**Student:** 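Handing you this structure, nothing more for now.
Residue indices begin at 1 and follow the sequence shown. Atoms within each ligand, like the ligands themselves, are counted from 1 in listed order. These numbers come from a predicted model, not from an experiment.
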Amino acid sequence: MNEISRKKAELRAALRKARLDHAAALPPQVSALVFRQPPAPLLALVPEGAIVGLYRAGAGEAPATSYTRFFHERGHTVALPRVVKLAEPMHFHVHSDPWGESDLEAGPMDLRQPHLTAPVVVPDVLFMPLVGFTERGDRIGQGGGFYDRWLADHPGTLAIGMAWDVQRVDTLPVEDHDMPLAAIVTPTRIYGPFA
Ligand SMILES: Nc1nc2c(c(=O)[nH]1)N(C=O)[C@@H](CNc1ccc(C(=O)N[C@@H](CCC(=O)O)C(=O)O)cc1)CN2
Ligand SMILES: Nc1ncnc2c1ncn2[C@@H]1O[C@H](COP(=O)(O)OP(=O)(O)OP(=O)(O)O)[C@@H](O)[C@H]1O
């Protein structure tokens, strides 16, 4: 492992803990209100008819289900990531039932994901979970490289991060393969859109 990877692994562990502790400490009446619907400056980044990729949050992650239902109700095709093996790329599959989630199955890491049979799509706008971020739009994720590889393969997609405020750090080690974000939303702020 090189120096940067070691540093990233350390940061990831600390930030994952901060994220989990923060989410667990939120009073239910607060968690019910945050990330309810995308704020107007973010909505302006989502063209009519755009395919919108989101995620099914795991423990501690910023919840994305309300945004998913919101875009689905507005007539957008919504999609969620599906991962099979670490070595295989992640794909986005149509999520047809954001209210009942009857179209999801158990995936790795306790994540729920669409079945293999749901159509694969390429989101125009992608809301993604962060482990850490900077106010300039640098990000660090779970460490699988799934999002970095997917974004490298789909440079036309606009990437928006969702996070708790406690996940912000002053600087992150950046490697050549790291793909920056177009904007970040937290319960209190919007960072970007970056030019
Ligand atoms: N909500 C949500 N969905 C998401 C992500 C995410 O961060 N959040 N992902 C963001 O990437 C992808 C899933 N990421 C994954 C990352 C690692 C492994 C994995 O198998 N890791 C270990 C096993 C660890 C364990 O089971 O405890 C391994 O290295 O073998 C699987 C999926 C797609 N969906
Ligand atoms: N475009 C790419 N092509 C090939 N490998 C990549 C690419 N992007 C990232 N990787 C590999 O993925 C692994 C994890 O990368 P990194 O530490 O940046 O994770 P991360 O940004 O936290 O993960 P993610 O992108 O899933 O959120 C690294 O071993 C890296 O070499």
**Student:** To the nearest 0.5 Å, what is the distance between CZ (Phe71) and NE2 (His95)?
**Tutor:**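 So the CZ of Phe71 and the NE2 of His95 are separated by 13.5 Å.
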**Student:** Could you name the option among Asp110, Leu86, Leu130 that has the heavy atom nearest to atom 29 (O) of ligand 1?
**Tutor:**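 The nearest heavy atom belongs to Leu86.
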**Student:** What I want to know is whether Gly143 and ligand 2 share at least one N or O pair that is separated by under 3.5 angstrom.
**Tutor:**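 For ligand 2, there is an N or O atom that lies under 3.5 Å from one belonging to Gly143.
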**Student:** Side chain or backbone of Asp178 under 4.0 Å from ligand 2, or both, or neither, by non-hydrogen atoms?
**Tutor:**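 The side chain, only.
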**Student:** Consider ligand 1: state whether an atom of it lies below 4.0 angstrom from any non-hydrogen atom of Pro81.
**Tutor:**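 Pro81 counts as a contact of ligand 1 under the 4.0 Å cut-off.
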**Student:** Identify the closest protein heavy atom to atom 7 (C) of ligand 2: which residue and atom is it, and at what distance?
**Tutor:**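 Nearest protein contact, heavy atoms only, for atom 7 (C) of ligand 2 is Arg149 CG, 3.3 Å.
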**Student:** With the 4.5 Å side-chain cut-off for hydrophobic clustering, are Val94 and Val52 part of the same group?
**Tutor:**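 Unlinked, Val94 and Val52 end up in two clusters.
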**Student:** Could you list the atoms of ligand 2 found under 4.0 angstrom from a heavy atom of Gln142?
**Tutor:**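 Those atoms are 22 (O), 27 (O).
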**Student:** Check this for me - ligand 1, Tyr147, N or O atoms closer than 3.5 angstrom, yes or no?
**Tutor:**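 Min N/O separation from ligand 1 is not below 3.5 Å for Tyr147.
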**Student:** At what distance is the nearest protein heavy atom to atom 1 (N) of ligand 2, and which residue and atom is it?
**Tutor:**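 I find the closest protein heavy atom is Ala152 CB, 3.8 Å.
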**Student:** Using a cut-off of 6.0 Å, state whether more than 12 heavy atoms not belonging to Asp165 lie near its atom CG.
**Tutor:**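 More than 12 within 6.0 Å, yes.
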**Student:** Would you mind finding which of Pro89, Gly145, Pro81 brings a heavy atom closest to atom 13 (C) of ligand 2?
**Tutor:**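 Nearest option to atom 13 (C) of ligand 2, by heavy atoms: Gly145.
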**Student:** I'd like to know whether ligand 2 has Met128 as a neighbour, heavy-atom separation below 4.0 Å.
**Tutor:**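 Contact check Met128 vs ligand 2: negative.
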**Student:** Please compare Phe92, Trp150, Phe146 and report which has the shortest non-hydrogen distance to atom 15 (C) of ligand 1.
**Tutor:**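 The option holding the nearest heavy atom is Phe146.
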**Student:** If you count the atoms of ligand 1 from 1 in the order shown, which ones are under 4.0 Å from a heavy atom of Pro129?
**Tutor:**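 That gives atoms 6 (C), 7 (O), 8 (N) of ligand 1.
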**Student:** Check each atom of ligand 2 against the heavy atoms of Gly141 and keep those under 4.0 Å away; list them by number with element.
**Tutor:**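 Close to Gly141: 20 (P), 21 (O), 22 (O), 27 (O).
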**Student:** Can you pull out the closest protein heavy atom to atom 6 (C) of ligand 1? Residue, atom name and distance to 0.1 Å, please.
**Tutor:**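 The answer is Glu61 OE2, 3.6 Å.
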**Student:** Considering heavy atoms of the protein only, find what lies nearest to atom 24 (P) of ligand 2 and give residue, atom and distance to 0.1 Å.
**Tutor:**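 Nearest protein contact, heavy atoms only, for atom 24 (P) of ligand 2 is Arg139 NH2, 3.3 Å.
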**Student:** Please determine if Arg69 forms a cation-pi arrangement with Tyr67, meaning its NZ or CZ atom is less than 6.0 Å from the six-membered ring centre and no more than 45° off the ring axis.
**Tutor:**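 Verdict for Tyr67: no cation-pi partner in Arg69.
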**Student:** If you count the atoms of ligand 1 from 1 in the order shown, which ones are under 4.0 Å from a heavy atom of Leu111?
**Tutor:**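 Checking each atom against Leu111, I get 1 (N), 2 (C), 3 (N), 4 (C), 5 (C), 13 (C), 34 (N).
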**Student:** With rounding to the nearest 0.5 Å, note down the distance linking CG in Leu11 to CD1 in Ile4.
**Tutor:**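 Output value for this atom pair is 11.5 Å.
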**Student:** For Val83, counting its heavy atoms only, list the atoms of ligand 1 lying under 4.0 Å from any of them.
**Tutor:**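 Listed by number with element, the hits are 12 (C), 13 (C), 32 (C), 33 (C).
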**Student:** Please write down residue, atom name and distance for the protein heavy atom closest to atom 27 (O) of ligand 1.
**Tutor:**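 Ranking protein heavy atoms by distance from atom 27 (O) of ligand 1, first comes Met109 SD, 4.0 Å.
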**Student:** At less than 4.0 angstrom from any non-hydrogen atom of Arg56, what atoms of ligand 1 do you find?
**Tutor:**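 Those qualifying, in numeric order: 1 (N), 2 (C).
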**Student:** Any carboxylate oxygen within less than 4.0 angstrom of a Lys/Arg side-chain nitrogen, looking at Arg82 and Glu105?
**Tutor:**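 A salt bridge is present here (some side-chain N lies under 4.0 Å from a carboxylate O).
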**Student:** Hey, is Met179 one of the residues with a heavy atom under 4.0 angstrom from ligand 2?
**Tutor:**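 No, Met179 has no heavy atoms under 4.0 Å from ligand 2.
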**Student:** Between Asp138 (side chain) and Leu172 (backbone), is there a donor-acceptor pair under 3.5 Å?
**Tutor:**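 No; zero donor-acceptor contacts below 3.5 Å.
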**Student:** Considering only the protein, which heavy-atom contact is closest to atom 17 (O) of ligand 2, and what is its distance?
**Tutor:**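 Checking every protein heavy atom, the shortest distance to atom 17 (O) of ligand 2 gives Arg12 NH2, 3.1 Å.
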**Student:** Under 4.0 Å from atom 27 (O) of ligand 2, can you find at least one protein heavy atom?
**Tutor:**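 Under 4.0 Å from atom 27 (O) of ligand 2, at least one protein heavy atom found.
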**Student:** Can you pull out the closest protein heavy atom to atom 25 (O) of ligand 2? Residue, atom name and distance to 0.1 Å, please.
**Tutor:**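 So the nearest neighbour among protein heavy atoms is Asp148 N, 2.9 Å.
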**Student:** Pick one of side chain, backbone, both or neither for how Met90 approaches ligand 1, counting any non-hydrogen atom pair under 4.0 Å.
**Tutor:**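 Contact part for Met90 vs ligand 1: side chain (C-beta onward).
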**Student:** Just need the protein heavy atom nearest to atom 9 (C) of ligand 2, so name the residue and atom and give the distance.
**Tutor:**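 In this structure, atom 9 (C) of ligand 2 has His177 CD2, 3.2 Å as its nearest protein heavy atom.
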**Student:** So is Tyr55 polar-close to ligand 1, meaning N/O to N/O under 3.5 Å?
**Tutor:**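 So ligand 1 has no N or O lying under 3.5 Å from an N or O of Tyr55.
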